[in-house]
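In what follows, a structure is listed as structure tokens, so that the remarks can point back to it.
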Amino acid sequence: MLKKSFYSFAPANIFLIYASITFIFNQYSYSQNQGWTQTSLDSVLVHDILVYDSTDIYAATLDGIYFTSDKGETWISKNEGLLSEPFKIIKDNSGNLFTAGLGGVFKSSNLGTEWLKISNSIPTNELYSIAISNNGNLIVGSFLGIYYSSDLGNTWNTTNYIGWGIQEIISFADSSVFAASNTAPYSGLFKSSNNGVDWNTNAGFSSISLLNFKNSYLFCGSQFPAGLFVSADSGQSWVSTNYFQDATNITEINYDKDGTLYTSVIIYPGCDVGCDVYKSTDLGLTWNNTGLYGKEIWCLAIDSTGVIYAGTQNEGIYRLEKVVPVELITLTSEIKLNNVKLIWKTATETNNQGFQVERLETTNKRSKEWINIGFVNGNGTTTEPQSYSFVDKNLSVRKYQYRLKQIDFDGTFEYSNTIEVEISTPIKFSLNQNFPNPFNPSTTIKYSLKDDGKVTLKIYNSLGEEVRILVNEIKAAGIYEIEFNATNLPSGVYIYQLSTPGFAQARKMILAK
């Protein structure tokens, strides 16, 4: 069986020029994070895992296809018509399932209940990988080369790649497709720019794992040269991350909905410690292990709830539930004048360092970047409900979006949902009666501006003499309030007057000492 062999071949020249982003990489670290549990599929070689829909999971194994809808508590065999050991399992946008393995390519249109062989026109039954390009081409890596079908497997076409050992095929941005091989004499990373029809050598990696990260970054796990590599320009140039250079195999790279990267690594000798699933929350800058020690892990999958599934060599599938460090109950807002008060509550907290408050200003023309506007300390670990608030002051009239970045003490983080708040333009100029009135010694004056402009707010005594200037500046439209402190003034009646271009209003107030 050729599946993910350890054969390697000296690569062609590999370009490590990387201009668009700078990475500073550190060594990965180990921690005791014992959260993995073995599912009931516990004694079989697992080649591939597919998250079909939400928590519906398919596994391609030495014994065929298995299915679970309860996070691996129970598994159902789905092998009717499947005549071989499947290596890969994928789905298309219509929900059809496809597998590639030692018996060819098979398709199921009824969720795996029945399988039909669709590769009879391919002159070999040894197929190791399968993918779907962005235009819908079905692409397979076989013992004799790469083939593609533009009609979901009814007919197949040869390509200019003649070789074997293609272990991984992935689609990337636009019409790009990448294929990886680690088998001599065909080791390398290959690229198609027309949805799998024609192929060229991209880099001299001896590799079996690839990841398309949001059509922005391409990751490649290589045996020789060993390590994890990344490209930010669709494979035109590559840079080593300086990670996993002692790895025998980087078998899988994946990521969850929050952008956390996961990779499965096999290291010989020393698999009792080095073999593990590692995660990175900073796009590969740093890595930490997750505690699945001593397992030969061949594949990873992550469902919509963040549960990670790891397929192993003869020990079935392990599951790691995502621990939610902070259970956020509510996130609401209150508007007072030109200030926004964010209010949120948590039910429980674990290892919570605090909340970074972020704001995105939205205009009719464009959206700006998220900016950090403050930090609120958390309560570490607690099972008691907690309440928090943050005030964003002196905002201009427009729409704003807010979110919380909850950060653990170990640096991991989660984003909250986004809420939108609008500071509306007042419909008219106005000057409110001060409160309290009478007062001693302080009172608050509130006023509204429907347009931007020069504003003055002045205090006069009963003789008409100016005693204080509270405001004398250009201000944006909005609602404002200001405190007037009359500690050094005698009791009596005072006049406060608001003046803007085209508007003026005065009111009386009484200082009673």
Side-chain angles (χ1 to χ4, degrees), residues 331-344 356-376 389-405 417-437 439 441-461 464-489 493-511:
L331 172 59
T332 60
S333 64
E334 295 178 355
I335 300 175
K336 184 178 180 182
L337 305 177
N338 283 34
N339 304 326
V340 173
K341 183 178 183 180
L342 301 177
I343 304 167
W344 64 98
Q356 180 172 297
V357 183
E358 298 184 350
R359 182 182 70 208
L360 179 70
E361 299 181 6
T362 305
T363 68
N364 292 330
K365 295 182 179 180
R366 63 187 179 91
S367 294
K368 296 182 179 180
E369 296 293 328
W370 286 101
I371 59 173
N372 175 14
I373 60 173
F375 188 84
V376 178
S389 65
F390 179 86
V391 179
D392 193 13
K393 299 180 179 179
N394 301 321
L395 298 170
S396 301
V397 172
R398 66 183 64 179
K399 291 182 179 179
Y400 297 88
Q401 293 183 33
Y402 295 91
R403 69 182 183 185
L404 302 175
K405 182 179 181 180
N417 292 329
T418 300
I419 62 172
E420 185 174 88
V421 179
E422 182 174 6
I423 304 293
S424 301
T425 303
I427 60 175
K428 63 179 182 179
F429 290 101
S430 65
L431 177 64
N432 292 10
Q433 185 63 55
N434 66 301
F435 182 85
N437 189 43
F439 66 97
S442 298
T443 188
T444 298
I445 300 171
K446 181 178 178 181
Y447 60 95
S448 300
L449 308 174
K450 74 179 186 69
D451 297 316
D452 300 349
K454 178 67 179 294
V455 178
T456 61
L457 180 59
K458 298 181 179 181
I459 311 296
Y460 300 89
N461 61 22
E465 299 170 331
E466 181 182 297
V467 298
R468 192 77 54 86
I469 299 176
L470 300 181
V471 179
N472 184 23
E473 61 184 314
I474 294 175
K475 298 188 78 69
I479 303 173
Y480 298 89
E481 66 179 19
I482 189 169
E483 183 182 86
F484 170 48
N485 189 309
T487 300
N488 298 324
L489 295 175
V493 176
Y494 290 85
I495 308 296
Y496 59 100
Q497 182 177 31
L498 177 72
S499 298
T500 69
F503 176 82
Q505 186 177 3
R507 288 182 179 272
K508 293 181 179 180
M509 58 183 173
I510 300 173
L511 173 59

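Positions are given from 1 along the sequence. Computed over heavy atoms, backbone and side chain alike; hydrogens, waters and symmetry mates excluded.
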Handout entry: Worked verdict on Leu337 versus Lys446 for side chain to side chain contact (heavy atoms under 4.5 Å, CB included)
Key = CA-CA 9 Å; Leu337 305 177; Lys446 181 178 178 181; 3.3 Å; yes

Interatomic spacing from [atom1] in [X] to [atom2] in [Y] - rounded to 0.5 Å:
X	Y	atom1	atom2	answer
Ile343	Leu331	CD1	CG	9.5 Å
Lys454	Ser499	NZ	OG	10.5 Å
Arg468	Tyr494	CZ	OH	9.0 Å
Ile419	Leu342	CD1	CG	5.0 Å
Lys393	Lys336	NZ	NZ	10.5 Å
Arg403	Glu358	CZ	CD	4.5 Å

Heavy-atom distance under 4.5 Å between the side chains of [X] and [Y], does that happen here?
X	Y	answer
Thr444	Phe439	no
Tyr400	Glu420	no
Met509	Tyr496	yes
Tyr460	Val467	no
Phe484	Leu489	yes

Exercise for the section: With side chain to side chain contact (heavy atoms under 4.5 Å, CB included) as the test, would you mind laying out the steps for Trp344 and Phe390 before giving the verdict? Expected result: CA-CA 9 Å; Trp344 64 98; Phe390 179 86; 4.0 Å; yes

Distance-minimising heavy-atom pair for [X] and [Y]:
X	Y	answer
Ile445	Leu470	CD1-CD1, 4.0 Å
Asn485	Ser442	ND2-OG, 3.2 Å
Ala504	Gln497	CB-NE2, 4.4 Å
Asn437	Ile510	OD1-N, 2.9 Å
Ser333	Val340	CB-CG1, 4.2 Å

Practice task
Give a yes/no verdict on a cation-pi contact between Arg359 and Trp370, requiring under 6.0 Å between NZ or CZ and the six-membered ring centre and an angle within 45° of the axis.
Solution key: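 Output no; distance or angle outside limits.
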
Practice task
Would you please test Ile459 and Ile495 for side chain to side chain contact (heavy atoms under 4.5 Å, CB included) and show each step?
Solution key: CA-CA 6 Å; Ile459 311 296; Ile495 308 296; over 6 Å; no

Handout entry: Identified side-chain hydrogen bond (donor to acceptor under 3.5 Å, both in side chains) counterpart of Tyr402 within the set Thr418, Asn417, Asp392
Key =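 Result for side-chain hydrogen bond (donor to acceptor under 3.5 Å, both in side chains) with Tyr402: Asp392.
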
Exercise for the section: Apply side chain to side chain contact (heavy atoms under 4.5 Å, CB included) to Leu395 and Asn339, showing your working. Expected result: CA-CA 6 Å; Leu395 298 170; Asn339 304 326; 5.9 Å; no

Is a side-chain donor or acceptor of [X] paired with a backbone partner of [Y] at a separation under 3.5 angstrom?
X	Y	value
Asp452	Ile474	no
Gln433	Lys508	yes
Asn338	Ile479	yes
Asn372	Gly374	yes

Problem - Residue list, ring pair (Phe, Tyr, Trp, His ring centres under 6.0 Å) with Tyr447, at least two apart or on another chain - result: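 In terms of ring pair (Phe, Tyr, Trp, His ring centres under 6.0 Å), with neighbours along the sequence ignored, Tyr447 is linked to Tyr480.
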
Handout entry: Within 6.0 Å of CZ in Phe435, more than 12 heavy atoms from elsewhere
Key =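 No, CZ of Phe435 has 12 or fewer neighbouring heavy atoms, counting only those of other groups under 6.0 Å.
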
Exercise for the section: Say whether Asn434 and Thr443, considering side chains only, have a donor N or O and an acceptor N or O under 3.5 Å apart. Expected result: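 A donor-acceptor contact under 3.5 Å links the two side chains.
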
Donor-acceptor contacts under 3.5 Å from residues 423-432 side chains, at least two apart:
from   : atom 1 : to     : atom 2 : distance (Å)
Ser430 : OG     : Ser448 : OG     : 3.4

Problem - Ionic contact status for Lys475 with Glu473, cut-off 4.0 Å - result: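 Judged by the 4.0 Å cut-off on N to carboxylate O distance, Glu473 and Lys475 do form a salt bridge.
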
